Amino acid sequence: MSKVVISRAVEKALPKLPRQVQVKLSAWVDAVIADGLPKVQTHPSYNDEKLAGKRLGQHSFRLNQAYRGFYTVGKNGEIQVVTVIE
């Protein structure tokens, strides 16, 4: 079982995001908690990618065609959703 933490910035922006994006983010969090991050990373609908450059150490996942979520994995295995961008 993984622990997922939503950053304060994402919590603040969440009500302003389209409902579909809110639902998909919630589904992603639930899937990570239930199935674990390695299994969710292989799910094709999330298109999980390890990032480089300015976002080194982060991963992104697709919420819909326009929005992506970004997360980091801490040394203790805690997953923090850092931001959601269009």
Side-chain angles (χ1 to χ4, degrees):
M1 181 185 286
S2 300
K3 181 178 180 185
V4 179
V5 177
I6 305 294
S7 74
R8 186 170 171 91
V10 173
E11 284 183 5
K12 189 174 178 180
L14 204 53
K16 299 172 190 165
L17 296 174
R19 181 77 178 130
Q20 174 191 15
V21 173
Q22 294 174 18
V23 169
K24 185 94 179 237
L25 178 61
S26 178
W28 183 85
V29 170
D30 292 344
V32 169
I33 291 170
D35 301 331
L37 185 59
K39 185 170 182 180
V40 174
Q41 285 176 322
T42 62
H43 198 280
S45 70
Y46 291 118
N47 195 27
D48 192 291
E49 299 174 329
K50 192 172 186 178
L51 303 175
K54 290 175 16 179
R55 292 197 178 267
L56 186 64
Q58 293 184 354
H59 291 256
S60 72
F61 59 97
R62 185 170 307 285
L63 294 168
N64 69 10
Q65 234 176 349
Y67 286 87
R68 293 190 71 79
F70 295 84
Y71 68 92
T72 59
V73 179
K75 292 184 182 198
N76 60 355
E78 181 179 273
I79 300 155
Q80 181 173 13
V81 179
V82 179
T83 190
V84 174
I85 62 170
E86 185 173 15

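Just so it is clear, the model here is predicted, and its values are computed rather than measured. Numbering starts at 1 and runs along the sequence shown.
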ask   = How would you list all residue pairs meeting salt bridge (charged side-chain N to carboxylate O under 4.0 Å, His left out) that involve residues 12-38, not counting sequence neighbours?
value = none
task = Show your reasoning for whether side-chain contact (heavy atoms from CB on, under 4.5 Å) applies to Q80 and Y71.
result = CA-CA 5 Å; Q80 181 173 13; Y71 68 92; over 6 Å; no
message = Contact between I85 and Y67 at the side-chain level, heavy atoms closer than 4.5 Å - yes or no?
response = no
inquiry  = Who clusters with V23? Use side-chain heavy atoms, under 4.5 angstrom, across I, L, V, M, F, W and Y, and order the result by chain and number.
reply    = none
task = State, with a plain yes or no, whether a side-chain heavy atom of N47 is found less than 4.5 Å away from one of F61.
result = no
query = If you group Ile, Leu, Val, Met, Phe, Trp and Tyr whenever their side-chain heavy atoms sit less than 4.5 Å apart, what else falls in with V5?
reply = none
ask   = Mind checking whether L14 and V29 sit in one hydrophobic cluster, side chains of I, L, V, M, F, W, Y counted as touching below 4.5 Å?
value = yes
key: Expected output: side-chain Q58 to main-chain K50 donor-acceptor under 3.5 Å   = no
Chi angles and distances behind the side-chain contact (heavy atoms from CB on, under 4.5 Å) call for L37, I79 = CA-CA 9 Å; L37 185 59; I79 300 155; 3.9 Å; yes
key: 4.5 Å side-chain heavy-atom contact, H59 and V82   = no
query = Considering residues at least two apart in sequence or located in another chain, which fulfil the side chain to side chain donor-acceptor pair (under 3.5 Å) criterion with S45?
reply = H43
message = With a 4.5 Å cut-off on side-chain heavy-atom distances among I, L, V, M, F, W and Y, is there a chain of contacts connecting L63 to V4?
response = yes
inquiry  = Just to verify, what does V10 make a side-chain contact (heavy atoms from CB on, under 4.5 Å) with, not counting sequence neighbours?
reply    = I6, S7, L25, V81, V84
message = With rounding to the nearest 0.5 angstrom, report the CG to CH2 distance, D48 to W28.
response = 7.5 Å
query = Do any pairs count as a salt bridge (charged side-chain N to carboxylate O under 4.0 Å, His left out) and have a residue in residues 68-82, sequence neighbours left out, and if so which ones?
reply = K3-E78, E49-R68
request  = Applying side-chain contact (heavy atoms from CB on, under 4.5 Å), run through L56 and L51 and close with a yes or a no.
outcome  = CA-CA 5 Å; L56 186 64; L51 303 175; over 6 Å; no
note = Sorted by chain and residue number, the side-chain contact (heavy atoms from CB on, under 4.5 Å) partners of A27 (sequence neighbours excluded) come out as Y46
ask   = So, the side chain of Q20 versus the backbone of N64: is there a donor-acceptor pair under 3.5 Å, distance only?
value = no
